[in-house]
Peer 1: 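I have a structure I would like to understand better, so I am pasting it below and will then ask my questions one at a time.
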Amino acid sequence: MKSINPFDGSLIAEYPPMSEAEIADRIAETDKAFAVWSDMELSRRSVFMERLGELLEQDKEKYARIITAEMGKPIREARTEVAKCAWLCSHFARNSADYLRDRQVDTEARRTVVRYEPLGVLFAIMPWNFPFWQVMRFAVPALMAGNTVLFKHAPNVTGCGRAITEAFAAAGFPQGVVSQLVMDVEHTEMVIAHAAVRGVSITGSERAGRSVAALAGRHLKKVALELGGSDAFIVFPDAELGDACTTGMRSRMLNAGQVCIAAKRFLVHEDIYDAFVQQQLELLQALQPGNPMDEHTEIGPMARPDLMLTLTEQLSQTLSAGAKLSFGGRTFPDYPNIFMPTLVENVRPGMRLWDEETFGPVMCLSRFGSTNEAIALANASPYGLGASVWTSDQDLAQHVAMRLQTGSVFVNSLVKSDPRLPFGGIKNSGFGRELGEAGIKEFVNIKTYWYQ
């Protein structure tokens, strides 16, 4: 497995995949660690987690540079990712006791209690676009609930996976509580089928999610899926246009557009459509490409060449179907691995940029004339992860938000994940939740105690 710098194509490292025997040994180690970790007082687990957060903050620069080297995001964004992981650790270290507290239920028994107990070893299949955050987003709540974690990272960010496990070790976590499996995809069923593995989580493509869900079902394992999105960004005529434009651009272009909850389908009211387009063009043209290690770089390379090829095909076929290219659509002359920020107008249902998830810096615009039309267009997607609604009318915002088929709606803000709030989607965006109280309870045994 090769880790290749996406900006200059240089080889960072090669990692030999584990054999079946090595994978089995790693699972056994993680299962053995579960007996110790799950029996530990939650207050003690919190101490380890708080220490991990402090270590991530302390060594933020080191970890950020590993992220940027392996997957290409600008160094400032990588620092933000590590800092968010530190916040995640702190939040769950301080709030898990409340999230997992026993619930007393009034029944005819002398006492009835509902408790939340760990399941065992959990297996996570993680993507490359936020190589620290995605792993930590799953692992931290799961660990605080008393589970232990195995994870398979995307091959191109294997080094990030190693850095994560080293951080857990440096924070003093017992050996085997968190382990990385460097393995080929064909060993996935072996891991899911293992008797010690009690739950599976995947963040990735719809195709991968269907495959993993089928395996989990076959082996009767709990599964959670986060399979991407095609979020609508709806702008009404009374919105604060400057803020909507700036936030929309940032939401779409963050991480070179390689974000599952990025705004991808911009639905703009016809009264302000031309003004919105003009401001977006000015913002996109001003973005600075370059080496992602450079402090001034605002847009870096896509993570792999095949991702750029897919994006180019989606764009080409959408334009052939009648959409209009208003800016971009190619790589920068001086940076062949960086795709230009791109604006495409007149994108409608049935076009690839509308119907599929797009991972790359391509902004798709469509105009609407009525509230009902905006809602219909927003829901005309197989995905349902998030949505953003822009208006100064709070009653209108509430009306629209309640009718959008998504896991979250953010009013006058970009869609984001937050340790305090449940995160996940519906429809082809998957099922299950991470983060918040719902997230820590995703992989627990909700157990009833009845005392007569």
Side-chain angles (χ1 to χ4, degrees), residues 6 72 228-235 241 244-260 262-290 297-369 373-374 377-378 380-383 388 414:
S230 184
D231 289 7
F233 189 100
I234 309 170
V235 187
L241 189 59
C245 287
T246 301
T247 305
M249 181 278 293
R250 185 160 57 94
S251 177
R252 189 67 197 100
M253 297 299 150
L254 180 72
N255 203 23
Q258 301 167 119
V259 183
C260 58
K264 297 191 173 95
R265 295 175 298 131
F266 287 77
L267 311 178
V268 184
H269 193 275
E270 57 191 17
D271 290 351
I272 58 168
Y273 181 86
D274 290 341
F276 185 91
V277 169
Q278 183 57 41
Q279 288 197 33
Q280 285 298 340
L281 288 171
E282 293 171 1
L283 290 168
L284 297 181
Q285 291 167 5
L287 288 175
Q288 295 297 311
T297 293
E298 295 173 302
I299 186 161
M302 294 180 65
R304 300 194 310 262
D306 62 297
L307 300 167
M308 189 181 297
L309 177 61
T310 298
L311 182 67
T312 302
E313 291 174 348
Q314 290 173 317
L315 175 60
S316 174
Q317 292 180 24
T318 298
L319 295 177
S320 296
K324 172 189 173 185
L325 178 64
S326 296
F327 181 70
R330 56 186 176 84
T331 60
F332 284 96
D334 295 335
Y335 301 106
N337 292 335
I338 302 180
F339 202 85
M340 290 180 67
T342 297
L343 190 147
V344 185
E345 298 184 65
N346 305 329
V347 181
R348 308 293 291 182
M351 298 179 177
R352 286 193 67 184
L353 288 179
W354 183 288
D355 293 343
E356 300 175 7
E357 181 176 36
T358 52
F359 250 48
V362 176
M363 178 180 287
C364 301
L365 273 69
S366 180
R367 67 180 78 211
F368 68 88
E373 184 183 7
L377 285 171
S381 170
Y383 296 99
S388 186
L414 61 81

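Since this is a predicted model, take the numbers as computed values, not measurements.
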Peer 1: Taking C-beta and beyond as the side chain, do Thr310 and Gln314 meet within less than 4.5 Å on heavy atoms?
Peer 2: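 The answer is yes; the side chains approach within 4.5 Å.
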Peer 1: Under the side-chain contact (heavy atoms from CB on, under 4.5 Å) rule, what do Arg352 and Thr318 come out as? Steps first, then yes or no, please.
Peer 2: CA-CA 6 Å; Arg352 286 193 67 184; Thr318 298; 3.8 Å; yes
Peer 1: Could you tell me whether a side-chain N or O of Ser251 sits under 3.5 Å from a main-chain N or O of Thr247, the two making a donor and an acceptor?
Peer 2: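 Looks like no, no N/O pair under 3.5 Å.
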Peer 1: Leu311 versus Pro361: any side-chain heavy-atom pair under 4.5 Å?
Peer 2: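 They are in contact (side-chain heavy atoms under 4.5 Å apart), so the answer is yes.
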Peer 1: Would you say the side-chain atoms of Thr358 and Arg252 include a donor-acceptor pair closer than 3.5 Å?
Peer 2: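 There is such a pair between these side chains.
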Peer 1: I'd like to know if the side chain of Glu373 reaches the main chain of Gly369, judged simply by a donor and an acceptor atom lying under 3.5 Å from each other, with no hydrogens or angles considered.
Peer 2: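 Between the backbone of Gly369 and the side chain of Glu373 there is a qualifying donor-acceptor contact (under 3.5 Å).
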Peer 1: Any sub-3.5 Å donor-acceptor pair from Arg265's side-chain atoms to Phe233's backbone N or O?
Peer 2: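 No, because the side chain of Arg265 does not come within donor-acceptor range (under 3.5 Å) of the backbone of Phe233.
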Peer 1: Just by modelled atom types, is the Cys245 backbone N or O under 3.5 Å from a matching donor or acceptor in the Gln280 side chain?
Peer 2: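 Such a contact is found between Gln280 side chain and Cys245 backbone.
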Peer 1: Test your reading of the model: is there a side-chain donor-acceptor pair from Asn337 to the backbone of Pro6, 3.5 Å cut-off?
Peer 2: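 Indeed, once roles are kept as given, a pair shorter than 3.5 Å links the two residues.
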Peer 1: Decide yes or no for Arg348 and Leu377: does some side-chain heavy atom of the first lie under 4.5 Å from some side-chain heavy atom of the second?
Peer 2: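 Touching, per the 4.5 Å side-chain cut-off.
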Peer 1: How far apart are the closest heavy atoms of Cys260 and Asp231, and which atoms are they?
Peer 2: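 Where Cys260 meets Asp231 most closely, the heavy atoms are O-OD1, 4.4 Å.
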Peer 1: Does Phe359 offer a backbone N or O that forms a donor-acceptor pair with the side chain of Lys264 under 3.5 Å?
Peer 2: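 Flag not set: sc Lys264 to bb Phe359 has no pair under 3.5 Å.
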Peer 1: I want to check something: taking the side chain as every heavy atom from C-beta on, are Pro341 and Ile299 in contact at a cut-off of under 4.5 Å?
Peer 2: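 Side chain of Pro341 against side chain of Ile299, heavy atoms only: contact under 4.5 Å found.
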Peer 1: Mind checking the OG-CG spacing from Ser366 to Asn346? Nearest 0.5 Å is all I need.
Peer 2: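 Answer for the OG-CG pair, Ser366 versus Asn346, is 7.5 Å.
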Peer 1: Find out whether Leu281 and Leu343 are in side-chain contact, i.e. whether some heavy atom of one side chain is under 4.5 Å from a heavy atom of the other.
Peer 2: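 Counting from C-beta outward, Leu281 and Leu343 do come under 4.5 Å.
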Peer 1: Grab the two heavy atoms, one from Leu287 and one from Met253, that are nearest each other, plus how far apart they are.
Peer 2: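 Looking at all heavy atoms of both residues, the shortest contact is CD1-CG, 3.8 Å.
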Peer 1: Quick one: does Trp354's side chain have a donor or acceptor within less than 3.5 Å of a partner on Ala380's backbone?
Peer 2: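 Yes: the side chain of Trp354 pairs with the backbone of Ala380.
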Peer 1: Could you tell me which non-hydrogen atom of Leu284 sits nearest to which non-hydrogen atom of Met249, and how far apart they are?
Peer 2: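 Scanning both residues, the minimum pair turns out to be CD2-CG, 3.8 Å.
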Peer 1: Evaluate the side-chain proximity of Gln288 to Thr297: yes if any heavy-atom separation is below 4.5 Å, no if none is.
Peer 2: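 No. Closest side-chain heavy atoms not under 4.5 Å.
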Peer 1: Quick check: closest heavy atoms across Leu267 and Ala374, and the distance to 0.1 Å?
Peer 2: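 Answer, listing the atom of Leu267 first, then Ala374: CD1-O, 3.8 Å.
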Peer 1: Distance from Met363 atom CE to Leu283 atom CG, nearest 0.5 Å?
Peer 2: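 These two atoms lie 8.0 Å from each other.
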Peer 1: Measure from the side-chain N and O atoms of Gln317 to the backbone N and O of Leu353, and report whether any donor-acceptor pair falls under 3.5 Å.
Peer 2: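 Answer holds: no.
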Peer 1: Parallel, tilted or perpendicular for Phe368 and His269, by the 30°/60° rule?
Peer 2: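 Judged by the thresholds at 30° and 60°, the geometry between Phe368 and His269 is perpendicular.
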Peer 1: Compare every heavy atom of Val344 with every heavy atom of Ala323, then report the nearest pair and how far apart it is.
Peer 2: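 Reported closest heavy-atom pair: CB-CG1, 3.7 Å.
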Peer 1: Flag the pair Phe339 / Thr312 as yes when at least one side-chain heavy-atom distance between them is below 4.5 Å, and no otherwise.
Peer 2: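 Of all side-chain heavy-atom pairs linking Thr312 with Phe339, at least one is under 4.5 Å.
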Peer 1: Any side-chain to backbone donor/acceptor pair from Glu345 onto Leu365? Under 3.5 Å, distance only.
Peer 2: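 The answer is no, because no donor-acceptor pair under 3.5 Å joins these two groups.
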Peer 1: Less than 4.5 Å apart, any side-chain heavy atom of Gln279 and any of Leu241?
Peer 2: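 Touching, per the 4.5 Å side-chain cut-off.
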Peer 1: Looking at Thr342 and Met340, would you say the former's side chain and the latter's main chain have a donor-acceptor pair under 3.5 Å?
Peer 2: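 Flag set: sc Thr342 to bb Met340 pair under 3.5 Å.
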Peer 1: Which pair of heavy atoms, one from Thr331 and one from Pro336, lies closest together, and at what distance?
Peer 2: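 That would be CG2-O, 3.4 Å.
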Peer 1: Kindly compute the distance separating CD1 (Ile338) from CE (Met308), expressed to the nearest 0.5 Å.
Peer 2: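 It comes to 8.0 Å.
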